[in-house]
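For reference, the structure discussed in these notes is given below.
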Amino acid sequence: MLRMDGFTYRHATSWAHALELWSAHPDARYVAGGTDLLPNVKHGIFKPRTLVGLSGIAGGVELRDDSVKIGAATRLADLAEHPDVQRLLGPLATAAALVASPQIRAMATLGGNILLDTRCLYYNQTESWRQALGYCLKAEGTWCHVIGGPKTCVASQSSDTVPVLLALDAKLHLLGPSGAREVAIRDLYRFNGMDHLAIEPSELLTDVVVPRPGAGFRGSYQKLRTRDSIDFPQLGVAVCGEWAGDTATRLEIVIGAASPQPKPLRGLEAFLGRPLDDAAVLEIAALAHKQTRPQDSVHGGAAWRRQMAAVFVRRALTALRNG
Ligand SMILES: Cc1cc2nc3c(=O)[nH]c(=O)nc-3n(C[C@H](O)[C@H](O)[C@H](O)COP(=O)(O)OP(=O)(O)OC[C@H]3O[C@@H](n4cnc5c(N)ncnc54)[C@H](O)[C@@H]3O)c2cc1C
Ligand code: SF4
């Protein structure tokens, strides 16, 4: 059995209350569903003295004229089953439904899914396992076992909902000691597995605002993993577009779980406004292969995962162009 070191738990009943509790304990960490944080505490990766619990804060989905506002405390199970999310933001409901297992989705929140720690084969291990290896650059060591050097951490951003939220151009509402601010989810992630989030430890993610997709919206999310019943993604591919027949007028493709930073594909403008025939689909799949550089920080060979990025893009576009 993995035990946790002792900590004090402070239960917040609102975002403002959570901020107040954090301000009284600036070394505290927030915990929502705990399905990412608590395994890391059990592995000795984090040793918080105080946890500020967010489970008393309600989530929910609110339809607005031009957007869908989703509370960060919304459970993934509720998100996956919400009729408006299924109807308007189908790929997001799909991605939420593919996270982990039913038990975990019943606890896990959207906010935690966006802010979960990066993952690595050499890092998400017990304390004694990591100690036997001499630890690693990300925690207590000096060497990256993936890169084979002392400078860079390429632990993977491994959330299922994040590639879809990037493809949908979601905005994040944050609340910190100096007030509220909005950040585009595209600007949240850095290519640094040790410090991949551009937010302060004090800041709370309160809401996620997704613009309502335009007419002719079609999209999908596909996930590569070893066991469909529970595993994290080895690769996640979100494809979202606005279509008139087999012609895309807007197209976004985002590759997740390949590196510390989700990767929007570049160069898709050239394919807009003309029918997406087989040749065009293969060209875009080739772009996916060229621009996806999976790191060996998660299971599955990097070359295979790179190839699968192209396969998933080809499959998605072939299905979406046919409606
Ligand atoms: C066996 C297993 C399998 C899993 N499989 C998957 C998978 O397939 N796909 C996947 O995406 N994830 C997976 N996960 C990870 C995890 O379950 C999800 O990412 C989940 O959505 C995390 O949400 P949470 O509410 O439990 O986050 P928590 O663990 O509570 O928090 C995660 C991080 O976010 C911070 N945080 C949470 N909410 C806020 C907020 N509102 N404001 C500021 N900071 C906040 C916490 O401080 C912490 O650093 C798996 C976990 C396990 C244990
Ligand atoms: S990528 Fe390297 S530094 Fe980062 S967690 Fe893995 S082994 Fe550690």
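Counting starts at 1 for both ligands and their atoms, in listed order.
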Tell me the contacting part of E203 for ligand 1: side chain, backbone, both, or neither, using a 4.0 Å heavy-atom threshold, strictly below. backbone

To the closest 0.5 Å, what do you measure between NE2 (H43) and CG (L38)? 11.5 Å

Shortest non-hydrogen contact from L121 to D296? CD1-O, 3.9 Å

I need the atoms of ligand 1 closer than 4.0 Å to a non-hydrogen atom of D36, numbered in the order shown. 26 (O), 29 (O), 32 (C)

Take F232 and V298 through the test side-chain contact (heavy atoms from CB on, under 4.5 Å) and record every step on the way to the result. CA-CA 9 Å; F232 276 91; V298 301; over 6 Å; no

Near G33 (heavy-atom distance under 4.0 Å), the atoms of ligand 1 are 24 (P), 25 (O), 26 (O), 30 (O)

Give yes if a backbone or side-chain nitrogen or oxygen of I104 is under 3.5 Å from a nitrogen or oxygen of ligand 1, and no if not. no

For atom 25 (O) of ligand 1, closest protein heavy-atom neighbour: T109 OG1, 2.7 Å

Does the pair D278/R321 count as a salt bridge with the N-to-O cut at 4.0 Å? yes

Side-chain contact, heavy-atom cut-off 4.5 Å: K69 with R64? yes

Indicate yes or no: does an N/O atom of A72 lie under 3.5 Å from an N/O atom of ligand 1? no

Minimal non-hydrogen separation, R225 against R227, with atom names: CD-O, 3.4 Å

Residue pairs fulfilling salt bridge (Lys or Arg N to Asp or Glu O under 4.0 Å) with at least one residue in residues 37-47, sequence neighbours excluded: K47-E127

Rounded to the nearest 0.5 Å, what separates atom NE2 in H82 from atom CG in L89? 10.5 Å

For atom 49 (O) of ligand 1, grab the closest protein heavy atom and report residue, atom and distance to one decimal in Å. R29 NH2, 3.3 Å

For atom 6 (Fe) of ligand 2, every protein N/O/S atom that sits closer than 2.8 Å, waters excluded: C120 SG

Can an N or O of S159 be found at a distance shorter than 3.5 Å from an N or O of ligand 1? no

List every atom of ligand 1 that sits less than 4.0 Å from any heavy atom of V31, numbering the atoms from 1 in the order shown and giving each element. 30 (O)

Please report whether ligand 1 has a polar contact with W15, defined as an N or O pair separated by less than 3.5 Å (distance criterion only). no

of all protein heavy atoms, closest to atom 46 (C) of ligand 1 is Y30 O, 3.1 Å

What atoms of ligand 1 come closer than 4.0 angstrom to any heavy atom of D231? 8 (O)

Backbone, side chain, both or neither: what part of A73 comes under 4.0 angstrom of ligand 1, heavy atoms only? neither

Is any N or O atom of T35, backbone or side chain, closer than 3.5 Å to an N or O atom of ligand 1? yes

Verify the cluster assignment for L235 and V154: are they in a single hydrophobic cluster under the rule of side-chain heavy atoms below 4.5 Å apart? no

Residues, nucleotides or ligands: over 12 heavy atoms within 6.0 Å of R190 CZ: yes

Kindly compute the distance separating CG (L272) from CG (L268), expressed to the nearest 0.5 Å. 7.5 Å

What's the shortest heavy-atom distance between G219 and P91, and which atoms? C-CG, 3.4 Å

Applying a heavy-atom cut-off of 4.0 Å, say which part of F46 lies close to ligand 1: side chain, backbone, both or neither. neither

The atoms of ligand 1 lying under 4.0 Å from a heavy atom of L54, numbered in the order shown, are 38 (N), 39 (C), 40 (C), 41 (N)

Stepwise, does the side-chain contact (heavy atoms from CB on, under 4.5 Å) test hold for R105 with R75? CA-CA 7 Å; R105 290 194 295 275; R75 307 280 174 186; over 6 Å; no

With atoms numbered from 1 as shown, which atoms in ligand 1 lie under 4.0 angstrom from a non-hydrogen atom of A32? 25 (O), 30 (O), 37 (C), 38 (N)

Atom NE2 of H145 and atom OH of Y135: how far apart are they, to the nearest 0.5 Å? 11.5 Å

Proximal ligand 1 atoms for L116, defined as those under 4.0 Å from one of its heavy atoms: 15 (C), 19 (O)

Report yes if L37 has an N/O atom closer than 3.5 Å to an N/O atom of ligand 1; otherwise report no. yes

of all protein heavy atoms, closest to atom 19 (O) of ligand 1 is N113 ND2, 2.9 Å

Within-cut-off N or O pair, A100 and ligand 1, under 3.5 Å: yes

Considering non-hydrogen atoms of the protein only, which is the closest contact for atom 14 (N) of ligand 1, and what is the distance? F232 CZ, 3.1 Å

Closer than 4.0 Å to some heavy atom of D160 - which atoms of ligand 1 meet that? 7 (C), 8 (O), 9 (N), 10 (C), 11 (O)

If you count every heavy atom of other residues, nucleotides or ligands that lies below 6.0 Å from H11 atom NE2, does the total exceed 12? yes

Any atom of ligand 1 sitting under 4.0 Å from a heavy atom of K223? yes

So between I114, L115, L175, whose heavy atom ends up nearest atom 43 (C) of ligand 1? L115

Protein residue, atom and distance nearest to atom 27 (O) of ligand 1, heavy-atom basis: G112 CA, 3.4 Å

With respect to L205, determine whether any N or O atom, backbone or side chain, lies less than 3.5 Å from an N or O atom of ligand 1. yes

Please give me the minimum heavy-atom distance between E203 and G176, naming the atom from each residue. CG-CA, 4.0 Å

Would you name the heavy atoms of Y122 and C136 that are closest together and state the gap between them? O-SG, 4.5 Å

Distance check, rounded to the nearest 0.5 Å: F217 atom CZ versus T249 atom OG1? 11.5 Å

Correct closest heavy-atom pair for G236 and A257 would be N-CB, 4.2 Å

